[in-house]
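What follows is a single structure, written as structure tokens, with notes after it.
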Amino acid sequence: MSFVVHGLAVSRGIAIGRAVIVASSRIDIAHYFIRPEQVEAEIERLRTARNAVVDEIVRVQHGLHEQGPQDAHPELTALLDVHLMLLQDEQLTNGVKHWIVERHYNAEWALTAQLEVIARQFDEMEDPYLRERKADLEQVVERMLRSMRGVASPMASPLEPADVDTETVSQQASPLVLVAHDLSPADMLQFKQSVFAGFVTDVGGKTSHTAIVARSLDIPAVVGARSTSHLVRQDDWVIIDGDAGVVVVDPSPALLAEYTAKQRQGEVERERLARLKNTPAVTLDGQKIELLANIEQPHDIPAVLRAGAVGIGLFRSEFLFMGREGRLPDEDEQYQAYRNAVEGMQGLPVTIRTVDIGADKPLDRHQRDDHLNPALGLRAIRWSLAEPAMFLAQLRAILRAAAHGPVHLLIPMLAHAGEIRQTLALVGRAREQLDQRGQVHGPVRLGAMIEVPAAALTIPLFLRHFDFLSIGTNDLIQYTLAIDRADESVAHLYDPVHPAVLQLLASAIGQCHANGKSVSVCGEMAGDVAMTRLLLGLGLRSFSMHPSQILAVKQQILRCDTGKLAAWAQSVLHADEPAALMND
């Protein structure tokens with residue numbers, strides 16, 4: 001039966017494919033296709049893992065029996081019996097084999113896919129005792145997954161769907177879409193070069209980092225879709241409309257044909273935009289506009305060059321730190337990553353932001369944050385200053401990379417004069433340490449992010465200490481309007497054209513120009529074509545966004561006359577309800 005779920009549109013385009021339901025606790029499972037000749041090896045990995053867990057449970061049972069009747073734990077004994085029964089259940093083992101043999105999923109993916117199928121059946125049982133057995137099934141699967149991590153097949157390697165013989169694997173040709181309760185930024189990174197054509201999450205906001213990374217992947221995505229992960233079943237056909245924020249489950253043939261046509265239209269539009277790659281970003285009245293790219297990893301560089309960006313406006317270095325279970329990257333590892341980015345940009349400038357960890361970007365996906373409000377806690381520069389050894393290692397790595405090309409060093413979330421002094425002192429100390437070692441390092445331009453209202457209201461302080469400013473509109477809007485940008489329950493209050501936000505934005509841009517300092521916007525507003533005219537009218541001449549958004553923004557710029565936009569932008573700026581004037 002077909003039904004529609006509404007969420008928040010966060011990444012453009014149409015994706016059509018079969019649903020892969022992934023529980024958030026298991027999102028770190030690798031998803032890749034295997035070759036036909038790898039099927040038996042994957043089944044053997046599955047069998048080995050099951051036998052290892054069975055042996056483990058049997059050893060525990062023997063240990064309980066050896067304790068004697070007086071120390072027996074009848075409840076635990078019964079639970080272990082249930083786990084053994086589940087491990088030998090034909091529905092589990094045969095179902096997993098089906099996903100491996102018929103769909104060519106790797107063993108871990110097949111196991112979690114079958115878990116979701118059986119878990120739904122447990123949920124529908126009337127007997128409360130039987131419903132509770134779902135937790136036992138999940139524990140059994142988790143133990144098998146842990147076992148498989150130690151017996152990974154040497155043949156297993158991630159494959160793109162196009163890499164597999166489609167004649168041999170006919171069903172595998174179906175595109176796949178990911179459906180999950182939530183995805184952390186670290187989770188999202190593994191979907192670059194993945195088999196998924198799009199994704200849907202139950203939670204999240206338009207500028208949550210899940211949404212931001214989705215746009216960087218340039219795949220259709222809908223977030224804040226409430227209970228979609230519970231409503232959609234494994235292998236259902238799903239349409240993701242990333243433009244309208246709509247998810248269609250089990251579409252009718254007519255609806256499928258309609259969206260397939262829209263999908264083709266989108267592809268034609270992207271091909272047309274690609275022709276603008278080498279066209280200079282110049283307005284109708286001759287204003288040159290700088291279009292920069294935001295990246296998470298050095299391997300994003302090819303997409304930056306394909307989009308025709310003139311530099312990196314934001315290298316989010318925190319993605320080098322995330323999902324490592326506490327093992328932070330050392331100086332040499334960071335240096336190599338930064339150097340790769342600098343050399344990959346072939347002489348174009350690279351702006352590296354120091355680590356911005358905290359709030360919706362924890363170091364590890366299972367990390368618990370005990371702060372009452374993480375967004376206002378120990379994050380970004382506050383965390384760096386609290387961990388000077390870590391911060392100095394990062395600063396040294398960035399300074400060393402600057403010897404290979406132009407580098408700008410960007411500091412996030414500064415708000416106090418004391419923080420500025422401490423940061424500049426540590427940059428100086430990092431240089432001294434490199435000099436003492438005799439290591440080569442290069443010059444950097446120093447910049448600060450304006451993303452806290454306190455910073456936006458004290459721009460002269462920042463202009464005295466920094467070479468350039470970069471306005472992070474995502475957090476500036478969040479903190480100005482006192483809403484959590486990752487919380488879908490208040491997503492309707494996230495308003496980039498709220499009068500207070502526009503006043504802060506216009507003031508920062510104007511003061512930078514008056515003092516001869518460069519300023520850019522690196523938040524999501526920069527890549528939103530609906531905001532391009534307004535930002536140009538307010539005087540912005542440097543935009544930094546995800547590579548996938550550059551050509552669409554360039555197209556808008558080529559159609560604009562900044563002289564005519566300036567007066568209109570002032571009317572928007574001073575309106576009680578600016579949104580009403582945005583389409584004038």
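Positions are given from 1, in the same order as the sequence printed here.
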Using a 3.5 Å distance criterion without hydrogens, assess whether the side chain of [X] forms a donor-acceptor pair with backbone atoms of [Y].
X: Gln263; Y: Ile14; result: yes
X: Asp241; Y: Ala244; result: yes
X: Glu387; Y: Trp383; result: no
X: His498; Y: Ala500; result: yes

Using only heavy-atom distances, determine whether the side chains of Asp250 and Ser2 contain a donor-acceptor pair under 3.5 Å.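 Distance-only check fails for Asp250 and Ser2.
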
State, without any angle test, whether Arg541 and Ser520 hold a side-chain donor-acceptor pair at a distance under 3.5 Å.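 No - no donor-acceptor pair under 3.5 Å links their side chains.
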
Please give me the minimum heavy-atom distance between [X] and [Y], naming the atom from each residue.
X: Ala526; Y: Val553; value: O-CG2, 3.8 Å
X: Leu581; Y: Ala575; value: CD1-CB, 3.7 Å
X: Val427; Y: Leu399; value: O-CD1, 4.2 Å
X: Gly313; Y: Ser544; value: CA-OG, 3.2 Å

Listed partners of [X] passing side chain to side chain contact (heavy atoms under 4.5 Å, CB included), at least two apart:
X: Ala397; answer: Glu331, Gln334, Tyr335, Tyr338
X: Asn340; answer: Pro298, Gln336
X: Thr279; answer: Leu276, Leu558

Glu577: which residues meet the salt bridge (charged side-chain N to carboxylate O under 4.0 Å, His left out) condition with it, sequence neighbours left out?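 So Glu577 forms no salt bridge (charged side-chain N to carboxylate O under 4.0 Å, His left out) with any residue.
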
Residues two or more places apart in sequence or in another chain: which of them pass salt bridge (charged side-chain N to carboxylate O under 4.0 Å, His left out) with Glu269?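 With sequence neighbours excluded, Glu269 shows a salt bridge (charged side-chain N to carboxylate O under 4.0 Å, His left out) to Arg272, given in chain and number order.
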
Between Phe315 and Gln297, is a side-chain contact (heavy atoms from CB on, under 4.5 Å) present by the stated rule, with each step listed? CA-CA 7 Å; Phe315 181 159; Gln297 299 277 4; 5.7 Å; no

Residues Phe199, Val177; criterion side-chain contact (heavy atoms from CB on, under 4.5 Å); working and verdict: CA-CA 5 Å; Phe199 77 85; Val177 298; over 6 Å; no

How would you list, by chain and number, every residue that makes a side-chain hydrogen bond (donor to acceptor under 3.5 Å, both in side chains) with Ser317, sequence neighbours excluded?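 Per chain and number, Ser317 pairs via side-chain hydrogen bond (donor to acceptor under 3.5 Å, both in side chains) with Gln394.
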
Between the side chains of Asp356 and Arg379, is the shortest nitrogen-to-carboxylate-oxygen separation below 4.0 Å, so that they form an ion pair?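 Here Arg379 pairs with Asp356 in a salt bridge, since their nearest N and O are under 4.0 Å apart.
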
Show your working on salt bridge (charged side-chain N to carboxylate O under 4.0 Å, His left out) between Asp467 and Lys517 and close with a plain yes or no. CA-CA 6 Å; Asp467 302 313; Lys517 295 289 181 77; 5.5 Å; no

